[in-house]
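Beneath this line is the structure, given in structure tokens, with notes to follow.
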Amino acid sequence: MRRRATGAAALAAAGCILLGMSGAHGAPLGVAGPRDAGRGPPPPQAARFMLVVHGGAGTIRRSEVSPEAESAIRAGLTEALRRGYEVLARGGRSLDAVTAAIVVLEDSPWFNAGRGAVFTSAGTHELDAAIMDGRTLAAGAVAGVKHVKNPIRLARLVMERSPHVLLVADGAEAFARAQGVELVPNRYFSTERRRRAFEAARHKVPGTVGAVALDSHGDLAAATSTGGTGNKLPGRVGDSPIIGAGTYASNASCAVSATGHGEDFIRRVVAYDICARVAYRHQALADAVDEVVLRELAAAGADGGVIAVDTAGRYALQFNTEGMYRGYVGPDGKIVVELYR
Ligand code: ASP
């Protein structure tokens, strides 16, 4: 059976970039189309890695996104993919690739994570982030931090340098200080664009950034970072830093990062649910993602989307909203970025 290195390569070769419809899935060529994407034998180990990122799902209307915003968002996603690709292409770890990609998005004012975090109802910013290692099931997360420039770096330190999985608020910041993590005043996160949205009391700011990766060692990782939902109550924590809800990775199944209405994603343990379908029902990744996002979440009126990748490098980007900022890159280095449905 003839086969290509990754879903991206296969789709490009087949001339069908599927991101334009309601999301996309990737499958090695010769393993048939997206619907069968979880079932084929994997491509050769040597050339196998994959990185998928999202910059949030929500009410993204083309008419409401200025050309300036659109090119900044595309540039941010492209740079995140490029940085993660550099790690993976030199044989680096998926954990380092997702960290590198998320840091780029956190430093950009155009995404609801790090610098561009939304406002709480009190006019402040509280950030959440999580990271998970699919090889060991090690995980680290932080919630409600107000002065950490890159929450994903702190989440990683919680995973690697503490015996805990989740640290919140003041305790998380004390740990950040002890670890020498870069701190900033809370107003660092107050961008003009978010202030206008806050003052207009618009609740549906598309948000959150995420990355999932498979590295050439066969290891999966997932990471998610967010400012949460706009106008949230101080103290509110969403799905992003909750392992299994907004973020999950296991080499036994897949890696998932979610975006959307966090309360619904917590109640439905969305990221773990997708991985469990793959592990226990032996469902194809694409089918598991479609069932959860398009059928179950949509039926419950839960807005959002996910990105996912499995240990064979098959990937899925799916959402039930008007758009999801998203992109992917595989061993061919071809970066694909899409914003709308
Ligand atoms: N899921 C995030 C949260 O509920 C928000 C988002 O993805 O827009 O905190």
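Computation of the quantities below employed the complete heavy-atom set of this structure, encompassing side-chain atoms and omitting hydrogens, waters and symmetry-equivalent molecules. What you see is a predicted model, and the numbers here were worked out from it, not measured in a lab. Remember, it's 1-based here, ligands and their atoms both numbered in the order they're listed.
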**Study point:** Under 4.0 Å to a heavy atom of G262 - the qualifying atoms of ligand 1, by number
**Key:** 4 (O)
Practice item. Report yes if some N/O of E263 lies less than 3.5 Å from some N/O of ligand 1; otherwise report no. Key: no
Check your understanding: Does G56 come within less than 4.0 Å of ligand 1, judged by its heavy atoms?
Key -> no
Practice item. Please verify whether a non-hydrogen atom of G260 lies at under 4.0 Å from ligand 1. Key: yes
**Study point:** Non-hydrogen atom of K232 closer than 4.0 Å to ligand 1
**Key:** no
Review point. Which atoms of ligand 1 are found less than 4.0 Å from any heavy atom of G207?
Key: 6 (C), 7 (O), 8 (O)
Practice item. Apply side chain to side chain contact (heavy atoms under 4.5 Å, CB included) to the pair V165 and I243, showing each step before the final yes or no. Key: CA-CA 9 Å; V165 168; I243 298 303; 4.0 Å; yes
Check your understanding: Is the closest basic N to carboxylate O distance between R156 and D96 below 4.0 Å?
Key -> yes
Practice item. Could you check whether the rings of F49 and Y85 sit parallel, tilted or perpendicular, using 30° and 60° as the cut-offs? Key: tilted
Review point. N/O to N/O below 3.5 Å, does that happen between D239 and ligand 1?
Key: yes
Practice item. With heavy atoms of T259 as the reference, note each atom of ligand 1 found under 4.0 Å away. Key: 6 (C), 7 (O), 8 (O)
Check your understanding: Can you find an N or O of G228 that's nearer than 3.5 Å to an N or O of ligand 1?
Key -> no
Exercise for review: Measure E126 to ligand 1 on non-hydrogen atoms and call it side chain, backbone, both or neither using the 4.0 Å cut-off.
Suggested key: neither
Practice item. Go through the steps for T224 and T247 under the test side-chain hydrogen bond (donor to acceptor under 3.5 Å, both in side chains), then give the verdict. Key: CA-CA 6 Å; T224 313; T247 308; 2.8 Å; yes
Exercise for review: Give me the ring orientation class for Y272 and Y248: parallel if the planes are under 30° apart, tilted from 30 to 60°, perpendicular past 60°.
Suggested key: perpendicular
Exercise for review: Return yes or no for this condition: an N or O of H261 is under 3.5 Å from an N or O of ligand 1.
Suggested key: no
Check your understanding: Please walk me through it: do H261 and T229 pass side-chain hydrogen bond (donor to acceptor under 3.5 Å, both in side chains)?
Key -> CA-CA 8 Å; H261 190 247; T229 48; over 6 Å; no
Review point. Hey, quick one: are I152 and V142 part of the same hydrophobic cluster, counting side-chain heavy atoms closer than 4.5 Å, chains of contacts allowed?
Key: no
Point to revise | Main-chain N/O of L220 paired to N251 side chain as donor or acceptor, under 3.5 Å | key: yes
